[in-house]
Protein chains: 2
Amino acid sequence: MSSESVTIYDIASEAGVSIATVSRVLRGEANVSEATRKKVQDVIDRRNYRPSSIARGLTSKTTHSLGIILPKLLNPHYAMIFTGAQEEARKLGYTMSLFPWSSLDTREYNPAAMLAERRLDGLIVCVEYLPPDHDVQVLSALHDLRQYMPVVLIGCVPPSYDFPAITNNSAAMMQEVVRYLTGLGHERIAFIGGVEEDRDPLRRDVGYENGLKDARLPYTASYRIYCKGTTEAGSAALNQMLDSLKPEYWPTAVIALNDLVAMGCMAAARDRGLSIPDQLSVIGCDNLFCAPYLYPPLTSINTYQQRTGARAVQLLISGENKQETADWELVERASCARLKP
Amino acid sequence: MSSESVTIYDIASEAGVSIATVSRVLRGEANVSEATRKKVQDVIDRRNYRPSSIARGLTSKTTHSLGIILPKLLNPHYAMIFTGAQEEARKLGYTMSLFPWSSLDTREYNPAAMLAERRLDGLIVCVEYLPPDHDVQVLSALHDLRQYMPVVLIGCVPPSYDFPAITNNSAAMMQEVVRYLTGLGHERIAFIGGVEEDRDPLRRDVGYENGLKDARLPYTASYRIYCKGTTEAGSAALNQMLDSLKPEYWPTAVIALNDLVAMGCMAAARDRGLSIPDQLSVIGCDNLFCAPYLYPPLTSINTYQQRTGARAVQLLISGENKQETADWELVERASCARLKP
DNA sequence: CTTTATACTGTAAGCGCTATCATAAACAAG
DNA sequence: CTTGTTTATGATAGCGCTTACAGTATAAAG
């Protein structure tokens with residue numbers, strides 16, 4: 001906020017050298033005599049000079065800044081991804097900017113223009129589901145962006161889009177979760193949350209059904225409810241399911257799309273006087289920080305989101321065009337119990 | 001990722017005009033005939049041209065990007081601040097980058113250099129407490145940054161630092177909380193979390209003590225424990241307090257620095273078989289998204305963090321040098337109850 | 001004491017824009 | 001018709017760096 005910012009010329013003239021020499025010491029180049037290096041460095045320190053990364057960027061064609069697009073930072077799941085990505089970026093000398101999903105929404109003011117104009121060195125996009133058909137422009141916006149910068153995806157990659165990505169093996173996770181619940185004796189297992197099968201490239205439905213098949217259990221449509229990944233939606237969905245079923249057909253266990261939905265289910269169950277896990281087991285996904293502090297502590301799936309974020313940055317920087325799968329781990333707490341006969 | 005990026009020269013020559021004219025239509029300047037405007041715009045669209053914001057920044061001295069420094073995005077409290085700030089920034093055409101607190105830590109590699117080099121148009125810094133004495137360099141780093149860009153503070157402003165800021169009226173909040181609890185009949189009220197008085201410019205201690213004074217209750221040192229603002233620290237602190245006191249002197253209510261600490265306290269209490277709120281009332285602060293879903297739902301204080309973040313951006317952009325106080329509101333849930341005689 | 005590396009250091013041409021002039025064309029007024 | 005205005009456009013000088021490329025000493029070699 002002070003006077004005029006000091007430039008490389010100021011340093012050069014004050015040190016009695018050319019700007020090229022200043023640039024050399026700035027970048028720690030070899031061919032500079034120790035004497036002048038010190039002389040120049042002293043002036044730099046004294047004037048508190050910092051080279052402008054933007055001027056630097058003009059020539060070097062690189063901004064050392066990355067971007068990340070995600071749906072909602074208020075969901076700690078994304079905050080974890082962001083944090084992992086941000087920390088890794090920082091280690092590598094990059095800066096990380098956040099863009100909300102609407103940045104890709106073509107119907108809004110200037111679609112991806114803002115993104116394209118900032119010459120980012122790379123972009124991470126968290127895509128959870130395929131957008132509805134009438135919204136394919138979002139996908140094409142995504143595609144266009146690649147013209148300007150490398151992008152890596154986190155979550156899922158739309159079919160026929162060949163992006164580097166970190167995805168979750170959600171089908172396997174679902175299958176394992178069903179196995180876990182059937183192992184506890186459950187037979188009426190509900191799955192709440194998410195979108196229709198054809199919009200979920202992660203094929204959770206396949207895992208769910210395979211899990212049931214493994215235990216020779218039938219797939220029951222009324223145990224499957226689609227809803228958004230929020231607590232409110234989770235409550236509403238469970239209520240709707242229980243309302244539509246006679247109590248003797250109520251599920252004894254529910255798999256929630258994520259921990260938020262699980263929290264909603266737990267609240268709804270409690271409001272109805274159902275005790276968890278005695279009358280209803282609940283399992284979530286994401287292993288949010290609050291999962292251990294819920295009542296009862298929520299069994300969930302740790303998907304190592306920070307590691308995922310960090311890995312995405314590595315892919316971005318290294319330029320590798322490969323798709324990897326994130327690790328995951330079922331973490332048992334008290335929200336699931338053996339079915340009482 | 002494609003060939004070479006297209007520049008203003010490409011557009012100019014392809015449209016048969018000078019770069020000055022292209023620049024004019026780019027910026028929607030007046031003095032361009034409708035005919036050439038269309039001609040140029042067509043080429044721009046066809047070539048999918050986006051002006052480089054970095055080249056633009058070199059001349060205009062403005063990057064249209066802001067930064068925010070905060071301790072930990074994983075605490076939803078900060079995620080809310082960030083979200084509010086980010087959304088407001090976006091509305092105003094700015095981009096928002098996150099920097100972790102260590103960006104200010106001089107002992108690390110290059111102190112605030114990274115920040116200074118990116119010619120941000122402004123910086124928001126969340127500072128909760130004064131750093132320990134031996135860490136005053138952090139404060140001076142903060143001060144130095146003002147040489148490069150305007151900064152506004154969120155949280156508290158260190159004495160003798162004249163920054164624009166949004167602060168919380170924490171003393172008043174504390175006093176009101178104590179009043180609320182004494183109103184419920186509590187007399188042994190603990191306060192857990194935070195730092196020593198002389199490092200807390202928000203003077204929570206004053207509010208706490210005034211609240212006690214209002215009810216003619218004595219201040220009891222053993223009801224005051226300092227700890228970090230995490231769930232683990234909250235658990236440990238409550239356990240420590242209860243361990244050191246005979247049960248008949250145990251507090252009947254605890255005020256937690258924030259919801260994380262409150263969650264920790266609730267978990268610790270439950271582990272000891274104390275029922276909340278019957279045997280121990282708990283109140284938090286920040287009103288995190290999970291507060292209503294805890295058991296029992298946590299009474300807390302909504303401090304409108306998103307609004308705070310947005311307002312900080314407004315101060316930054318407008319350049320007003322004023323300090324404002326955030327609104328707040330006690331939101332009653334089930335974790336505090338009238339003391340049973 | 002020339003010749004030829006070797007080690008520094010300076011000159012100058014951009015990078016892709018914005019912004020200031022200058023110029024040209026088209027009109028209005030005298 | 002001049003002269004003065006207005007409107008549309010082009011030339012051009014930076015912005016603050018990086019980066020060939022071009023010197024100029026100084027040292028090693030012949």
- Query: Think B/Y9 has a side-chain N or O under 4.0 angstrom from the OP1 or OP2 of D/dG10?
  - Reply: no
- prompt: Within the pair B/S23 and C/dT18, is there a side-chain N or O less than 4.0 Å away from OP1 or OP2?
  reply: yes
Rounded to whole Å, the CD-C1' distance (B/E29 to D/dT6) equals 16 Å
In terms of heavy-atom contacts, A/N168 and A/L202 come closest through O-CG, 3.8 Å
Ranking D/dC15, D/dG16, C/dG10 by distance to the side chain of A/L58, first place goes to D/dG16
Against the side chain of B/N31, the closest entry in D/dA8, C/dC17, D/dC17 is D/dA8
Checklist entry - Within 45 degrees of the axis of the six-membered ring of B/Y304 and under 6.0 Å from its centre: does B/R307 put its NZ or CZ there? => result yes
| query | Does a side chain donor of either B/D121 or B/T63 reach within less than 3.5 Å of an acceptor in the other side chain? | reply | yes
note: A/K61, atom NZ; C/dG14, atom P; distance rounded to Å ~ 14 Å
Regarding the side chain of A/A55, the nearest nucleotide among D/dC17, C/dT9, D/dG10 is D/dC17
Here the distance between atom C1' of C/dC21 and atom CZ of B/R24, to the nearest Å, is 11 Å
Rounded to whole Å, the CG-P distance (B/L26 to C/dC17) equals 8 Å
Practice item. May I ask you to say what B/S60 touches in the nucleic acid, namely base, sugar-phosphate or nothing, with a heavy-atom cut-off under 4.0 Å? Key: nothing
Of the listed D/dG16, C/dG10, C/dT18, the closest approach to the A/V17 side chain comes from C/dG10
Using a cut-off of 4.0 Å on non-hydrogen atoms, how would the nucleic acid contact of A/I19 be classed: base, sugar-phosphate, or nothing?
base
Point to revise | Residues A/Y78 and A/E128: side-chain donor-acceptor under 3.5 angstrom | key: yes
**OP:** Name the nucleic acid region contacted by B/T36, choosing base, sugar-phosphate or nothing; use a 4.0 angstrom heavy-atom cut-off, strictly under.
**Re:** sugar-phosphate
When rounded to whole Å, the CD to C1' distance for the pair B/E117 and D/dG16 reads 13 Å
Side-chain N,O (B/S18) to OP1/OP2 (D/dG10) below 4.0 Å
yes
Within the structure, does a side-chain N or O atom of A/S52 lie under 4.0 Å from either OP1 or OP2 of D/dC17? no
* Asked: Regarding B/T62 and B/S60, is there a side-chain donor-to-acceptor distance under 3.5 Å anywhere?
  -> no
A/R56 CZ to D/dC15 C1', in whole Å, measures 16 Å
Report yes or no: do B/R37 and B/S33 form a side-chain donor-acceptor pair below 3.5 Å?
no
task: Indicate whether OP1 or OP2 belonging to C/dT9 is found under 4.0 Å from a side-chain N or O atom of A/S33.
output: yes
B/I54 atom CD1 is separated from C/dT18 atom C1', nearest whole Å, by 14 Å
Closest to the side chain of A/T59, out of C/dG10, D/dC15, D/dC17, is D/dC17
When rounded to whole Å, the NZ to P distance for the pair B/K39 and D/dA8 reads 14 Å
Residue pair A/R37/A/R119 against DNA chain C: nearer the 5' end by closest nucleotide is A/R37
Checklist entry - Just checking B/R27: base, sugar-phosphate only, or nothing, at a heavy-atom cut-off of under 4.0 Å? => result sugar-phosphate
